[in-house]
Every structure is written in C-alpha cells, then in structure tokens.
Amino acid sequence: MSIIKVDKEKCVGCNACVRACPVGDANIAKMDENKKLRILIDDDKCIRCGACIRACSHNSRSFEDDMDRFLDDLKKGEDIAMIAAPSLKVAFDGNWRHALQWLRNQGIKKIYDVSLGADICTWAHLRYLKKNPGAKLISQPCAAVVNYVLRHRQELIPHLSPIHSPMLCLAVYIRKVLGYKGKIAAFSPCIAKIDEFRDTGLVDYNVTMEHMRQHFEQEGVELPKIKIYSEFEFDDHQGLEGAIYPKPGGLMRNLQIHEPDMSVITSEGSNKLYRELDVYMNQKEEYLPDVFDVLNCETGCNGGPAIGVEYQRFFMNDVMHDVEVYTHKKRMEDTKMTRKGTVDKQFAEFDKKLVLEDYIRTYHPPVVKDFTVSESEIEEAYASMNKTTEVDKHFDCHACGYSSCREMAIALAKGINEKENCYQYMMTSIREERQKVHDINEKVITMNTEMTGIFTTLTQNIKKVQEQAKRILESGQKSRAEMTAVAEHMNELNELNRNISSSMQDINVNVEQYNQMTQDVESIAGKINLLSLNAAIEAARAGDAGRGFSVVASNIRDLSENSKESVGCAKENDAGIHKAIDNISVIIENFNDEINKLVDSVDKAVDHVNRSSDNSNEIQKTMQEVSEIAEKVQEVIDKTNQILG
C-alpha cells in the first residue's frame, strides 16, 4: 500500500516536493497523457518524512495511516490498548485529556504513556553502551531516519542503534511485563511509524493525531465538553524525563542526565540531517560521538508531519518546559541517597524487571535496486537538455527541485524526470519558439496583406456574380413565361392534330361505304347487261315484232356499258383517294410524333428554365453567404494585423 498519496489532478508539477524531499529518487516527474508534468512517488524509495506534504501548496499530497481500520475494529469490540506519544500534549493543547477520555468512551480499556517507553529506551541505551564500550550509535526513535538508512544508506546499519524506539519499548513492556495479549494502537504524530510497526509486528495500528483531529471535526466531537472521569491520565506508570523526547535533543538530554560525560551530538530537520548522515558515513571513527541524536523534523516530534497543527517553536517550548519541570521534580522524588551513592528508583526497577535483549531490534533491510548511470549517460542527458557548455551544465537554478544541473541530468538518465522539467531547457526552447513564432508572424502579415488584396478582388467578383445571377433570374423568369405560352400553343396544336386524325378516320369510313356502293352498281350493271343480251336475242327471234324491243335492249346495254365505265372510273378515283388518304394518315402520324416530341422538348425546356431560375436564386443566396464570410475573414485579417503589428 502506498503511504504518501498523490492527487494527479491537483499536482501542477511545481517541483516543490522534489525540492523538499531529502531523497531525490523518491519523486518521479512524468508527462501525463495531456502533456502536463506530474510528480509521482516511488513508494519503495520514499522514507515517509512528510516533507513533500508540507511543501505542496496545491494540496495534491496526503498520507495514509491505520485510522479507519482502528475505528472499525474498535466498533467490533476488539481488545485494543493504546500507547500515546508525549507530543499529544502539543497536538491537543489543553484538551489532550479529553481526547484520551473520548477514546476510553469508545472502548479503549487501557491507555499507556509512551514517555515510560522513552525512559525504557534511555535505560536500554545506557545498558547497551555499557556492555559495548566504544560503540558509535545513531539514534533511531525517528522512523523516517530508519527508513532512510535501510533504503538508501545501508552502510550505516552497523551504527544504527539496535534499541527499539520509545513506542516499541513500551509495546514490549506491556506485553512482556504486564502480560497484555490484545492489539496495540499507537497514537502518534508520525507518518513513517507505520513502516516501523509493520516491520516489527509489535504495534497493530498507527493512528495519527492529524487524522484523529479530522475525525473529531467530521463527527462534531467537541473535546472541551467531554467529561473526564479520572484525574490520572494513563494506566500503569507514567514516564519521567522520557516526556521531553519530542523536543530536539530529547534523547541527548535524557542520556546526559545519567551520563553527563557522554559524547552526544544532535541534528534535526530534513534540510540538513540527511546531508550530515552522509558526512557521518565517511567520517573517521575517532571523530564520531557516542550517540548521534537525530530527528527528521526540525522541531522534533512536536512538529511531526502527522501532528495536525502548526504551532510556533515558542509555544511548543513553553509546553515542553512545563513538562520538563514536572518530570524533573518527579525524578528528584524517585531518587534517593544511600551510602553507596544516588539510587535512581526507576532505573533500579527496570534493572529488576526488564531484560535488555527484549528491547533489541534486528533490522531487515530491503533489497535495494542499485541503479547507477555512467558518465556517458549523464552527458547524453545534458545534451538532451541542450546543455553543451560548462556554464550551461552549472546553471544550477534549482527550479527542477534538485540542487544542481548534474543531479537533474542523473535523474534524467535514470528515467525519473523529463527534460521539460529543466527551466533552462524550457527557456531556450521558448526563445526558439518565440523566434519561430516571430518569423511565422512576419509571414502571416505578408500573407494577410496578399489575402486582403485577394478578398478585395473576390468581393468585387462576388458583386459581379450577384448582378449576373440577378440578370439570369430575371431572364429566366421571362423565358419561363414565354415557354409556358409556347407550351400552351403546342398543346392546342396537338389537340387540333388529334381532331384532324379523327376526321380522316371518318373519311376512311365513308370512302369504304362509297366503294361498297360502286361494287353494288357494277354488279347491277353486269346483270342488266346480261338481261339486255337475252332481250336482244329474243327480239331477233321475234323479227320485226321484236325490233322495238331490240332497240330498248340496245339502249339498256349501252346504259350498262356506261355504268361499267363509270364504275371503272370510280374505282380508279377510289384507289387514288385511298392512296391520298393513306399518305395523309402517314403525314398525320409523323406530324403527331413531331408534335409529341416538341411538347416533350417544350416541357423539358420549361422545367430547365424553372430550375435555372431556382439555381439563380441559390446562386444569389450562396454568393450572399460567401460575401458575408468574406467580410468576416476580412475582419479577422484586420484584427490579426492589429495584433501582429
């Protein structure tokens, strides 16, 4: 589980966290999918010092503890004892007793004072140094320091004090001496303690004071209104000088109370402590103090990253001064004079009850990925940032968060940073881009000038097209009217042609009837001719008596012959009429076809004229829109010229 959390949406890539972090490799600068720089965390390298959280003004960083799990288990009725750090008095000011009472009200049966664990820690250091004369120790009450040594400076492990921290000393005490079997929750001001508890398994929950304060606010808990049922704040013994452990130099003060001649040096604050640890690592043994008393936080545990308040040094010193006066008084009461000298009742009790080996910690350093880069890779990183001269390579503006350009180049070579995070690179790139933009602006201005001329010509042409379209529209409207009249005349002509065709059909019918009558006359003439022949024969036989009848028969035969001749002429005329009628029918059919084609052509012409008219309207409308767009483009060009000019 990641302890330090990063809200990527809030991170702006300002590098304040990189600048504050004592371990540069713990932060990874990467461009996200939107090309925005985000600073992420390598959880394996982070020492949980909390410096980045305080440095982040964008509230993109936060931390996790065991608060939620602790409250859930407490509600379930789990048997949980709490050990409370002395910095509790600073975190909750005058309401710290009320905070402890609230915890008791929620089901905490026992609450122990970590000051007692600090006294045990002091005792264990003194007894260990007595058994191991000449040992040079780095104190380890601070879990962030232990994380730093285990993860980044394993060469210092032989010097890291094997004595448990005050919290773990107290946890061992209540299990080994008091026989407690339940779970233990630590009420602490420290983020890094969660690693200490998980590595040793001696404490089950890291409950930070900051998250407890937030819980009180969320639940509407008003501490001053909580009734306190006991004047004695803690179960079992209360600590003495261990109560001043949260002060810078607290361990040194405790050790020198019992061993005034012991050599102890202090160092506090992430801005200098870790550099001094690096110096310590390379220092000659003879120059090292008996104990190097170190704390990650400049103001000690009272200013821990999870204490939840930002009090001034003067206020914290005032609180601790009162505590120190009280504990010194208690120490004097517990110390008695004998013929053998001064007897410290507390330490004498520890010597009887405690076993030093129970308070010794074995460290289990993680496997460290030793990722080093070569000089050639560093040079490549310099080149990628356009740092080619010695001046460029020592620009050292610290904007990237590192103390030097070389550190930035190393980070770049390791793949944990981006060249865009280099201020000098970005400024050079910006200058180059500005020059490019300037050159482009010059070209744009020239192009705009040319475009202005083009748009002027275009505007003029648009007006001409609009005028032509208007003329086409007017002409089309006239043509449409004329073509409509032609179409009407053609329809009338077509109707007349249909009437002629109908009349010709009637003539054909009458001619057929006339032909039939001719045939009938011809038939009758034939019969008359036959009768006249027979009559002539009979008249000849009758002699003179039939001579008159013969004349009649001859006249009848002449009439028959004339009828035949008339019928013959009629047939010839009938054939001519039929041929003429057939020719007229063909002409009428051809004329009808041409009329139909002409009507279709006229209809198409009318339709074309209509469409031309519609197109003219569209052209005029489109050209109006083009004209408006051209005007807008001209406005944009004018504004662009004003901006670029």
Side-chain angles (χ1 to χ4, degrees), residues 1-68 143-148 150-153 190-195 198 206 208 210-211 270-271 274 296 305-306 366-373 377-378 380-381 384-385 397-426 429:
M1 181 184 74
S2 180
I3 304 304
I4 305 296
K5 301 289 187 180
V6 178
D7 186 336
K8 295 180 183 179
E9 295 303 316
K10 292 182 179 179
C11 177
V12 298
C14 67
N15 295 314
C17 51
V18 180
R19 198 156 33 249
C21 180
V23 185
D25 287 3
N27 292 282
I28 303 173
K30 288 292 181 184
M31 292 289 185
D32 65 10
E33 60 277 6
N34 297 318
K35 298 300 181 182
K36 292 184 178 179
L37 190 70
R38 310 292 190 190
I39 313 298
L40 309 179
I41 293 176
D42 185 339
D43 202 55
D44 293 332
K45 295 180 179 179
C46 176
I47 64 173
R48 334 287 194 220
C49 66
C52 62
I53 297 176
R54 286 181 171 171
C56 182
S57 60
H58 305 284
N59 298 318
S60 70
R61 296 205 172 191
S62 58
F63 68 90
E64 292 287 339
D65 63 4
D66 299 314
M67 181 73 176
D68 292 338
V145 173
V146 174
N147 281 342
Y148 179 77
L150 295 182
R151 300 180 183 195
H152 301 281
R153 295 293 182 269
C190 181
I191 299 171
K193 281 294 180 183
I194 197 168
D195 290 319
R198 290 175 180 176
N206 183 40
T208 61
E210 178 175 345
H211 285 181
S270 60
N271 60 333
Y274 298 101
N296 173 78
V367 177
V368 177
K369 295 179 182 178
D370 187 16
F371 184 69
T372 58
V373 294
E377 290 174 319
I378 295 174
E380 288 178 7
S384 70
M385 294 184 288
C397 67
H398 316 305
C400 60
Y402 299 106
S403 60
S404 68
C405 292
R406 180 177 176 80
E407 288 186 13
M408 174 59 179
I410 292 172
L412 199 59
K414 288 181 177 180
I416 61 173
N417 219 307
E418 303 278 1
K419 62 183 179 181
E420 289 80 6
N421 204 13
C422 172
Y423 170 80
Q424 188 184 23
Y425 170 80
M426 290 304 296
S429 299

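None of these values were measured; they are calculated from a predicted model.
With rounding to the nearest 0.5 Å, the separation of CD in Q424 from OG in S429 is 10.0 Å. Between atom OG of residue S384 and atom CG of residue L412 there is a gap of 4.5 Å, rounded to the nearest 0.5 Å. For the atom pair CZ (R61) and SG (C56), the distance works out to 7.0 Å, reported to the nearest 0.5 Å. N27 contributes atom CG, which lies 11.0 Å from atom NZ of K45 (distance to the nearest 0.5 angstrom). For the atom pair H152 NE2 and I47 CD1, the distance stands at 6.5 Å (nearest 0.5 Å).
Counting all heavy atoms, side chain and backbone alike, M385 lies closest to M408 at SD-CG, 3.9 Å. Between S2 and E64 the shortest heavy-atom distance is O-CG, 3.8 Å. Taking every heavy atom of both residues into account, C49 and P22 meet most closely at SG-CD, 3.7 Å. Residues I39 and C11 share a closest heavy-atom pair of N-SG, 3.2 Å. Here the closest non-hydrogen pair linking E377 and A413 is O-CB, 4.0 Å. Scanning both residues, C21 and A26, for their nearest heavy atoms gives SG-CB, 4.0 Å.
Shown are I4, I191, I53; of these, the side-chain contact (heavy atoms from CB on, under 4.5 Å) with P305 is made only by I191.
A heavy-atom distance below 4.5 Å is found between the side chains of H211 and F63. Annotation: side chain of Y148 is not in contact with side chain of N296 (no heavy-atom distance under 4.5 Å). Under the 4.5 Å side-chain criterion, counting only non-hydrogen atoms from C-beta, C400 is not in contact with V18. Put simply, the side chain of I3 does not reach to within 4.5 Å of the side chain of C46, judged on heavy atoms.
At most 12 non-hydrogen atoms from other residues, nucleotides or ligands lie less than 6.0 angstrom from CG of D68.
Look at D32 and K8 and you find no salt bridge, because none of the NZ, NE, NH1 or NH2 atoms lies under 4.0 Å from a carboxylate O. Ion pairing between D43 and K5 fails under the 4.0 Å rule for side-chain N and carboxylate O.
Put simply, the side chain of N206 gets close to the backbone of C190: a donor and an acceptor are under 3.5 Å apart.
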Practice prompt. Using the side chain to side chain contact (heavy atoms under 4.5 Å, CB included) rule, take V6 and R38 through it: C-alpha gap first, then chi angles, then the decisive distance, then the call.
Written response: CA-CA 9 Å; V6 178; R38 310 292 190 190; over 6 Å; no
Item to complete: For salt bridge (charged side-chain N to carboxylate O under 4.0 Å, His left out), just list the numbers for R151 and D42, CA-CA rounded to whole Å, side-chain angles, deciding distance to a tenth of an Å, and then say yes or no.
Response: CA-CA 12 Å; R151 300 180 183 195; D42 185 339; over 6 Å; no
Worksheet item: Are L37 and E420 close enough, and set up right, to give a side chain to side chain contact (heavy atoms under 4.5 Å, CB included), and what steps lead you there?
Response: CA-CA 8 Å; L37 190 70; E420 289 80 6; 5.8 Å; no
Item to complete: Check the pair I378, I410 against side chain to side chain contact (heavy atoms under 4.5 Å, CB included), reporting the backbone distance first and the verdict last.
Response: CA-CA 6 Å; I378 295 174; I410 292 172; 3.8 Å; yes
Discussion item. Could you go through T208 and M67, starting from their C-alpha distance and side-chain angles, then the distance that decides it, and tell me whether this counts as side chain to side chain contact (heavy atoms under 4.5 Å, CB included)?
Written reply: CA-CA 7 Å; T208 61; M67 181 73 176; 5.9 Å; no
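There is a side-chain donor-acceptor pair under 3.5 Å between Y402 and N417.
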